[in-house]
Engineer: 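Here it is: the structure, laid out below.
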Amino acid sequence: MNEPVITPPSEQAPRKDFVRELVAADAASARFGRTIATRFPPEPNGFLHIGHAKSICLNFGIANEYGGRCNLRFDDTNPFTEDIKYVNAIKEDVRWLGFAWAEERYASDYFEKLYEFAELLVTKGSAYVDSESEEAIRTGRGTVTSAGKDSPFRNRSAEENLDLLRRMRAGEFADGVHVLRAKIDMTHPNMIMRDPLLIRIRKASHYRRGDAWCIYPLYDYAHGLSDAMEGITHSLCTLEFKDNNDIYRWLVREAGFDIPPEQTEFARLELDYTIVSKRKLLRLVNEGHVGGWDDPRMPTIAGLRRRGVTPEAIRAFASTIGVARKEARTELATFEHEVRNDLNMRVPRVLCVVKPLKVVLTNYPEGEVEELDASFYPHDVPLTGSRKVPFSRELWIERDDFMEAPPKKFFRLAPGREVRLRYGYFITCQEVIKDAAGEIVELRCTYDPATRGGDSPDGRKVQGTIHWVSAARGLDCELRMYDRLFAVPDPEAGGDDVDFTKALNPTSLITVSGAKIEPGVVTDAAGTRYQFERTGYFMSDPVDSRPDRLVFNRTVTLRDSWVKVIAKG
RNA sequence: UGCCCCUUGGUGUAACUGGCAACACGUCUGCCUCUGGAGCAGAAGAGUCUAGGUUCGAGACCUAGAGGGGCAACCA
């Protein structure tokens, strides 16, 4: 099936959030004297997640809206944790989300330049080589409520600092022996300004630079300068970097950039029943709590993609949650709404029985199979297309669609009651067959030949329409019923004292084998999305599904007002 | 015993930058329906953390509190 490309209404008119207002003002006043430039700066040490998607939509979105450009820059300054496999995954995810970067950049390409700035700072007396131990540096920094104290190495001469710096680069010292620090103020009220570390020695090979370097810049040092070198105008990051803004400005100014980029912070996404911490997601992967970074339960872009979520839905979601400075949690319902809203308008409907119960139509000719017309789309979806669905004497219907003693408002099948088989006939339940244990194993029903296609010539109505699959022609399939990964809205509520894996939802994946699906789907490529009528949205698993072993991932259930009815009694 | 940020219905965002709070999700009613989906119609739900102040008038401004969050990694 080919899905139409649809732009959700919520994406058509982006709301002016405070960041966009700021950019709009700067664009109008030509404050930077250059085109608006943003960047998305992931560290290649993990997969991108839904929280990154928010940032991607913001950065690329703004660039698009203001005729600017957005770079994809890998903030790869830590050789211990980064890997090329992550850069590849990140690039794929950004593209899949629908964005094109102006340039692909790497902080590791700036090492030489960054080193030159370091010599400049040292020469100016704005930075020095500290030879204290890691421990001494930590204690020397003081605490949030008490001032730090100067390092004994703080007043080395420019010459000595330069000599040491060069020898650091030359590899003369072991890890941790020396470190380059900015010379600012050890009593600064902002902890980050207490002579922050700029460059450290790391005798490790870098996934891109190999062994070319043994000194590596730290985030604060590399980030702002990278922005400045790329001509970024608006450097957007999350709230936890607010305090880093001071060092960002200090450094860019020290390095001599006249119109420095402006860093603006916004609140990161917090989604109920999920976590968005690369460190913790990595742990889920490493400890085998999930099948990998692309496990459909993961909030990663790769996981959502494999689950069947579309990029349009993710973008629409980013648009509706908006951007603000307030730390907030978003309800899962908001996300699910965008997913359903998008899928509803684009995917074909198909019949699949999750928990089959056999129905025998006693008055239907044995051995006969007829092909019934079934539309792929409901009347209110402006798409056309239909297929033939085989109908036969023996059928599967949903176990939950039959009740021997139905409560009030139960519109489905029950003894003596007539319902419509979707696209098929009206059938009436005549007899319930049970096994020795009293379990219902089969229903004997009669069908009304005059209702072929689902309408009765005499105009009689049925209250319920249920889905079904021909027992003679239906195919077996596996259904992976995914649910929220965590059992509680805020899995990180207890902080680091509480093991967040304790909050994992034990039923986040329920595998159903022996489900029955109409045969037409075998010819569709893996990765095809459907709505299984009355059940939910599904996508055939792109890696495990094959014609001889169909596997479908549940993307999201349909809204179910019936559960509310029974909940109320 | 510090610095910084935040505080609007259940949730997320708005409010032309001072003129009696809007949109979306969710919830509830009803209608409609060959998906108990979708759609349609409607409803409930905050007086904007608190207390002062400025003003004819404040969610927006000022002051003081309270509550929440961030910062003491040679992580980003």
Side-chain angles (χ1 to χ4, degrees), chain A residues 10 15-17 21 41-43 45 75-78 80-81 130 133-134 137-139 141-148 175-176 178-181 187-194 197-202 216 218-220 222-223 237-246 265 267 272 278-279 319-338 340-341 344-345 349 351 374-375 378-381 409-412 419-424 426 451 453-455 461-467 531-537 557-565:
Chain A
S10 47
R15 232 176 4 226
K16 275 273 208 311
D17 48 72
E21 276 179 12
E43 183 189 12
N45 66 345
D75 234 330
D76 53 355
T77 57
N78 185 350
F80 288 169
T81 56
D130 195 353
S133 68
E134 193 170 336
I137 289 176
R138 187 170 23 235
T139 57
R141 190 149 32 218
T143 70
V144 292
T145 54
S146 62
D175 289 12
H178 301 293
V179 74
L180 184 74
R181 300 181 73 173
T187 67
H188 198 109
N190 179 355
M191 294 290 298
I192 290 179
M193 294 299 272
R194 321 246 259 227
L197 275 59
L198 270 22
I199 291 176
R200 81 295 214 180
I201 300 169
R202 280 267 186 279
Y216 293 92
L218 278 110
Y219 168 82
D220 281 319
H223 193 78
C237 64
T238 43
L239 254 25
E240 65 269 28
F241 292 100
K242 178 68 190 175
D243 291 336
N244 302 251
N245 209 338
D246 282 347
E265 309 83 13
D272 278 354
K278 270 200 276 183
R279 199 183 87 247
S319 173
T320 102
I321 59 173
V323 178
R325 255 191 259 260
K326 176 172 62 170
E327 298 185 32
R329 311 206 110 247
T330 297
E331 291 180 333
L332 206 50
T334 307
F335 178 69
E336 293 186 338
H337 171 262
E338 296 301 341
R340 293 190 186 103
N341 196 37
N344 176 47
M345 297 304 283
R349 319 288 140 132
L351 302 179
S375 171
H379 61 91
D380 52 0
V381 169
K409 299 189 184 161
F410 182 83
F411 301 153
R412 288 111 98 154
V419 298
R420 170 167 39 230
L421 294 178
R422 177 126 242 232
Y423 310 122
F426 285 12
T451 57
D455 290 306
K461 300 285 185 194
V462 287
Q463 275 205 109
T465 298
I466 63 174
H467 55 104
Q531 182 198 101
F532 290 175
E533 295 211 30
R534 305 209 307 132
T535 302
Y537 292 97
T557 61
L558 248 35
R559 284 184 74 225
D560 186 357
S561 54
W562 169 238
V563 300
K564 289 175 190 167
V565 173

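Residue numbers begin at 1 in each chain, while the letters A, B, ... track the order of the sequences.
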Engineer: What I want to check is whether an N or O donor and acceptor connect the side chain of A:Asp380 with the base of B:G37 at under 3.5 Å.
Structural biologist: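 Between B:G37 and A:Asp380, which were checked side chain against base, a qualifying N/O pair under 3.5 Å is present.
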
Engineer: Need one value for A:Val563: base, sugar-phosphate or nothing, where a base atom within 4.0 Å counts as base even if backbone is also close, heavy atoms only.
Structural biologist: nothing

Engineer: Can you confirm if the aromatic rings of A:Trp562 and A:Phe410 lie within a centre distance of less than 6.0 Å?
Structural biologist: yes

Engineer: Which atom names give the shortest non-hydrogen contact between A:Ala222 and A:Thr77, and what distance separates them?
Structural biologist: CB-CG2, 3.7 Å

Engineer: Over how many whole Å does the gap from A:Arg422 atom CZ to B:A38 atom P extend?
Structural biologist: 14 Å

Engineer: Please work out if A:Phe80 contacts a base, only the sugar-phosphate, or nothing of the nucleic acid, heavy-atom cut-off 4.0 Å.
Structural biologist: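 No contact.
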
Engineer: Can you tell me how far P of B:U13 sits from CZ of A:Arg325, to the nearest Å?
Structural biologist: 13 Å

Engineer: Just the dot-bracket of RNA chain B, please: which string comes out with Watson-Crick or G-U pairs under 3.5 Å, [ ] for crossing, | for another strand?
Structural biologist: .((((((..((((.....[..)))).(((((.......))))).....(((((..]....))))))))))).....

Engineer: Side-chain contact test, heavy atoms from C-beta onward, threshold under 4.5 Å: evaluate it for A:Ile137 versus A:Leu197 and give yes or no.
Structural biologist: yes

Engineer: Need one value for A:Thr81: base, sugar-phosphate or nothing, where a base atom within 4.0 Å counts as base even if backbone is also close, heavy atoms only.
Structural biologist: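 The answer is nothing, as A:Thr81 stays clear of every strand by at least 4.0 Å.
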
Engineer: Counting any heavy atom closer than 4.0 Å, what does A:His467 reach on the DNA or RNA strands: base, sugar-phosphate only, or nothing?
Structural biologist: nothing

Engineer: Starting at CG of A:Asp175 and ending at C1' of B:C74, how long is that distance when rounded to a whole Å?
Structural biologist: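 In whole Å, B:C74 C1' lies 9 Å from A:Asp175 CG.
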
Engineer: Can you tell if the side chain of A:Arg181 reaches within under 4.5 Å of the side chain of A:Leu198, non-hydrogen atoms only?
Structural biologist: no

Engineer: How long is the line joining NZ of A:Lys564 and P of B:G26, in whole Å?
Structural biologist: 8 Å

Engineer: When you compare B:G9 with B:A22, how far apart are their C1' atoms, in angstrom units rounded to a whole number?
Structural biologist: 12 Å

Engineer: Looking only at the side chain of A:Leu558 (C-beta and beyond, no hydrogens), which of the listed nucleotides B:C74, B:A76, B:U35 gets closest?
Structural biologist: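 The listed nucleotide nearest to A:Leu558's side chain is B:U35.
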
Engineer: Across the strands shown, which category fits A:Phe532 at heavy-atom distances under 4.0 angstrom: base, sugar-phosphate, nothing?
Structural biologist: nothing

Engineer: So does A:Ser146 get a backbone contact from the side chain of A:Thr143, meaning a donor-acceptor N/O pair under 3.5 Å?
Structural biologist: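 It does hold such a pair.
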
Engineer: Between the side-chain atoms of A:Arg349 and the base atoms of B:U35, is any donor-acceptor pair under 3.5 Å?
Structural biologist: yes

Engineer: Nearest of B:A38, B:C74, B:G36 to any side-chain atom of A:Arg202?
Structural biologist: B:C74

Engineer: Given atom CG of A:Leu332 and atom P of B:U11, what is their separation to the nearest angstrom?
Structural biologist: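 That distance rounds to 16 Å.
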
Engineer: Go through B:C4, B:G26, B:A38 for me and flag the one nearest to the A:Lys242 side chain.
Structural biologist: B:C4

Engineer: Which atom pairs link the protein and nucleotides 69-73 of chain B when you take only N or O atoms and keep those under 3.5 Å?
Structural biologist:
residue : atom : partner  : partner atom : Å
B:G69   : O2'  : A:Glu327 : OE1          : 3.1
B:G69   : O2'  : A:Glu327 : OE2          : 2.6
B:G70   : N2   : A:Asp243 : OD2          : 3.0
B:C71   : O4'  : A:Asp243 : OD2          : 3.3
B:A73   : O5'  : A:Arg141 : NH2          : 3.4

Engineer: State the syn/anti category of B:U17 according to its glycosidic angle, syn meaning within 90° of 0.
Structural biologist: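 Syn conformation for B:U17.
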
Engineer: Please report, rounded to the nearest Å, how far the P atom of B:C5 is from the CG atom of A:Asn244.
Structural biologist: 14 Å

Engineer: Determine the Euclidean distance between corresponding P atoms of B:G12 and B:G52; express it in Å to zero decimal places.
Structural biologist: 28 Å

Engineer: Please give the distance between the C1' atoms of B:U55 and B:G70 as a whole number of Å.
Structural biologist: 36 Å

Engineer: Quickly work out the A:Met345 CE to B:G37 C1' distance and round it to whole Å.
Structural biologist: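 These atoms are roughly 13 Å apart.
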
Engineer: Could you work out the separation of B:G69 and B:A44 based on their C1' atoms and round it to a whole Å?
Structural biologist: 33 Å

Engineer: For the residue pair A:Glu43 and A:Asp76, establish whether any side-chain heavy-atom pair is separated by less than 4.5 Å.
Structural biologist: no

Engineer: Just so I know, are the side chains of A:Glu533 and A:Tyr423 near enough to count as touching, which here means a heavy-atom distance under 4.5 Å?
Structural biologist: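 Contact flag for A:Glu533/A:Tyr423 side chains = yes.
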
Engineer: Taking side chain as C-beta onward, heavy atoms only, is A:Arg202 less than 4.5 Å from A:Arg200?
Structural biologist: yes

Engineer: For residues A:Asn45 and A:Lys278, determine if any side-chain heavy atom of one lies less than 4.5 Å from a side-chain heavy atom of the other.
Structural biologist: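 Answer yes - side chains close enough.
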
Engineer: Is it true that A:Phe241 and A:Tyr219 have ring centroids separated by less than 6.0 Å?
Structural biologist: yes

Engineer: Under 4.0 Å: is that the gap between some side-chain N or O of A:Lys16 and OP1 or OP2 of B:A14?
Structural biologist: no

Engineer: Rounded to the Å, how far apart are A:Glu331 CD and B:G9 P?
Structural biologist: 13 Å

Engineer: Assign B:G47 to syn or anti; the rule is syn for a glycosidic angle within 90° of 0 and anti otherwise.
Structural biologist: syn

Engineer: Want to settle it: does A:Asp560 or A:Thr145 sit nearer the 5' end of RNA chain B, counting the closest nucleotide to each?
Structural biologist: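 This one resolves to A:Thr145.
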
Engineer: If we require ring centres under 5.5 Å and near-parallel planes under 30°, does A:Trp562 stack on B:G36?
Structural biologist: yes

Engineer: Say we look at B:C20 and B:G57: how far apart would their P atoms be, to the nearest angstrom?
Structural biologist: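 Taking atom P in both B:C20 and B:G57, they lie 15 Å apart.
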
Engineer: Using the P atoms only, state how far B:G67 lies from B:C25, rounded to an integer number of Å.
Structural biologist: 36 Å

Engineer: How would you label the contact of A:Glu43 with the nucleic acid (heavy atoms, under 4.0 Å): base, sugar-phosphate, or nothing?
Structural biologist: sugar-phosphate

Engineer: Measure the shortest side-chain to side-chain distance between A:Met191 and A:Val144 over non-hydrogen atoms and say whether it is less than 4.5 angstrom.
Structural biologist: yes

Engineer: Would you state whether a donor and an acceptor, one from the side chain of A:Arg412 and one from the base of B:G36, lie under 3.5 Å apart?
Structural biologist: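 Indeed, a donor on one side and an acceptor on the other fall under 3.5 Å apart.
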
Engineer: Of all the choices, B:U35, B:C74, B:U27, which nucleotide is nearest to the side chain of A:Pro378 once you look at every atom?
Structural biologist: B:U35

Engineer: Determine the interatomic distance between C1' on B:U8 and the same-named atom on B:G59; round to the nearest Å.
Structural biologist: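 Approximately 7 Å lies between the C1' atom of B:U8 and that of B:G59.
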
Engineer: To the side chain of A:Ser561, which of B:G36, B:U11, B:A76 is closest?
Structural biologist: B:G36

Engineer: For a 4.5 angstrom cut-off between non-hydrogen side-chain atoms, does A:His337 reach A:Asn341?
Structural biologist: yes

Engineer: Let's see if you can work this out: which of B:A14, B:G12, B:C25 has an atom nearest to the side-chain heavy atoms of A:Ala324?
Structural biologist: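 Among B:A14, B:G12, B:C25, the one nearest the side chain of A:Ala324 is B:A14.
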
Engineer: Can you check the distance between B:A66 and B:U50, where both ends of the measurement are the P atom (answer in whole Å)?
Structural biologist: 15 Å

Engineer: Pick out which of A:Asn245, A:Asp243, A:Asn244, A:Thr238 makes a side-chain contact (heavy atoms from CB on, under 4.5 Å) with A:Glu265.
Structural biologist: A:Asn245

Engineer: Both A:Glu533 and A:Gly176 contact RNA chain B. Taking the nearest nucleotide for each, which residue is further toward the 5' end?
Structural biologist: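 Result of the comparison: A:Glu533.
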
Engineer: Please lay out, stage by stage, how A:His223 and A:Asp75 fare under the test side-chain hydrogen bond (donor to acceptor under 3.5 Å, both in side chains).
Structural biologist: CA-CA 7 Å; A:His223 193 78; A:Asp75 234 330; 2.9 Å; yes

Engineer: With sugar-phosphate meaning primed atoms plus P, OP1 and OP2, does A:Asp220 contact a base, only sugar-phosphate, or nothing at under 4.0 Å between heavy atoms?
Structural biologist: nothing

Engineer: Which part of the nucleic acid, if any, lies within reach of A:Asp75 when heavy atoms closer than 4.0 Å are counted: base, sugar-phosphate only, or nothing?
Structural biologist: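 The residue A:Asp75 makes sugar-phosphate contact but no base contact.
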
Engineer: Tell me whether the side-chain N/O atoms of A:Thr334 come closer than 4.0 Å to OP1 or OP2 in B:G26.
Structural biologist: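 For A:Thr334, the contact criterion (side-chain N or O under 4.0 Å from OP1 or OP2 of B:G26) is not met.
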
Engineer: A:Arg559 side chain N/O closer than 4.0 Å to the phosphate oxygens (OP1, OP2) of B:U27?
Structural biologist: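 So the side-chain polar atoms of A:Arg559 do come within 4.0 Å of the phosphate oxygens OP1 or OP2 of B:U27, strictly under.
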
Engineer: Need one value for A:Gln531: base, sugar-phosphate or nothing, where a base atom within 4.0 Å counts as base even if backbone is also close, heavy atoms only.
Structural biologist: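 Contact class for A:Gln531: base.
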
